[in-house]
Amino acid sequence: MKIYLDIDGTMIHEDLSDMYCKPAVGLEDFIVALRPYDTYWLTTHCTTGDPTNARRIMKAVLPEELHADIDRIKPTVWQDLKTQGIDFDSDFIWFDNDIYAGEWEKLKQCNDNQTVIEVDLRTNPEHLIEITRDILRP
Ligand SMILES: [Mg+2]
């Protein structure tokens, strides 16, 4: 099972509020719960196969003991649509707060084991806690 991870608005708040740039509650447990999975960046901070920026941003909000977990997340290559970075021959879960129309169109070809979870920290700041409990460690 592959996991694809957005960063802004999914694991780190991006709204211009008191929470701006702060990690979502439950982020540390979420990162630990990803350990059994084959995990990939799917973020504007990593589009050319270079994970440097994604790693830097995530390490800034996580304790050092979790930095090795960040380093093992693999880069993807995509332009325009994040679905270009997804391996549609594998089972996957993609976590993102903002799926574009063109991406939804591509996702129509998914089978039952290929899913996208729309994370909504804006209305549910504890969404990562629920995902860790209900999806990553069912
Ligand atoms: Mg986002």
Side-chain angles (χ1 to χ4, degrees):
M1 171 73 79
K2 296 185 176 181
I3 302 274
Y4 294 99
L5 294 174
D6 176 44
I7 294 178
D8 298 322
T10 297
M11 296 192 286
I12 297 177
H13 289 269
E14 66 176 359
D15 281 338
L16 296 174
S17 70
D18 291 350
M19 294 302 286
Y20 181 65
C21 283
K22 295 211 173 100
V25 286
L27 178 61
E28 294 181 24
D29 283 346
F30 177 79
I31 293 297
V32 169
L34 291 172
R35 284 177 182 166
Y37 298 94
D38 187 20
T39 308
Y40 295 80
W41 299 118
L42 201 55
T43 161
T44 52
H45 301 296
C46 176
T47 60
T48 62
D50 179 0
T52 305
N53 288 338
R55 286 177 179 173
R56 177 176 46 76
I57 290 162
M58 290 300 291
K59 286 178 182 179
V61 297
L62 287 168
E64 200 159 345
E65 62 260 31
L66 296 183
H67 288 190
D69 293 288
I70 295 305
D71 285 336
R72 73 172 193 84
I73 300 173
K74 298 167 191 165
T76 52
V77 176
W78 60 278
Q79 289 181 324
D80 307 323
L81 297 179
K82 288 183 175 177
T83 42
Q84 294 165 350
I86 291 179
D87 171 15
F88 281 87
D89 292 326
S90 297
D91 296 348
F92 66 80
I93 307 172
W94 171 22
F95 295 104
D96 205 298
N97 68 311
D98 193 10
I99 318 286
Y100 293 167
E103 294 165 342
W104 280 121
E105 191 61 33
K106 175 74 177 169
L107 290 166
K108 285 181 180 169
Q109 71 177 64
C110 287
N111 65 40
D112 290 345
N113 297 313
Q114 299 174 322
T115 53
V116 57
I117 307 287
E118 274 195 292
V119 179
D120 186 0
L121 298 180
R122 205 172 284 172
T123 55
N124 182 5
E126 301 197 343
H127 204 167
L128 287 193
I129 294 174
E130 295 172 12
I131 287 168
T132 299
R133 181 190 65 213
D134 300 335
I135 297 171
L136 298 178
R137 289 175 177 156

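Order of listing sets the numbers, starting from 1, for every ligand and every atom in it.
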Atom CG of Asp134: over 12 foreign heavy atoms under 6.0 Å: yes
N/O/S from Glu14 sitting under 2.8 Å away from the Mg ion (ligand 1): no
N/O/S from Thr43 sitting under 2.8 Å away from the Mg ion (ligand 1):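 No, Thr43 does not qualify, because none of its backbone or side-chain N, O or S atoms lies under 2.8 Å.
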Aromatic ring proximity Phe95/Phe30, centre distance under 6.0 Å: yes
Pair Thr52, Asp50: side-chain N/O donor-acceptor within cut-off below 3.5 Å: yes
Angular separation of Asp6 OD2 and Asp8 O about the Mg ion (ligand 1), given to 10°: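 OD2 of Asp6 and O of Asp8 make an angle of 90° at the Mg ion (ligand 1), to the nearest 10°.
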Polar side-chain atom of Gln114 near backbone of Ser90 as donor-acceptor pair, under 3.5 Å: yes
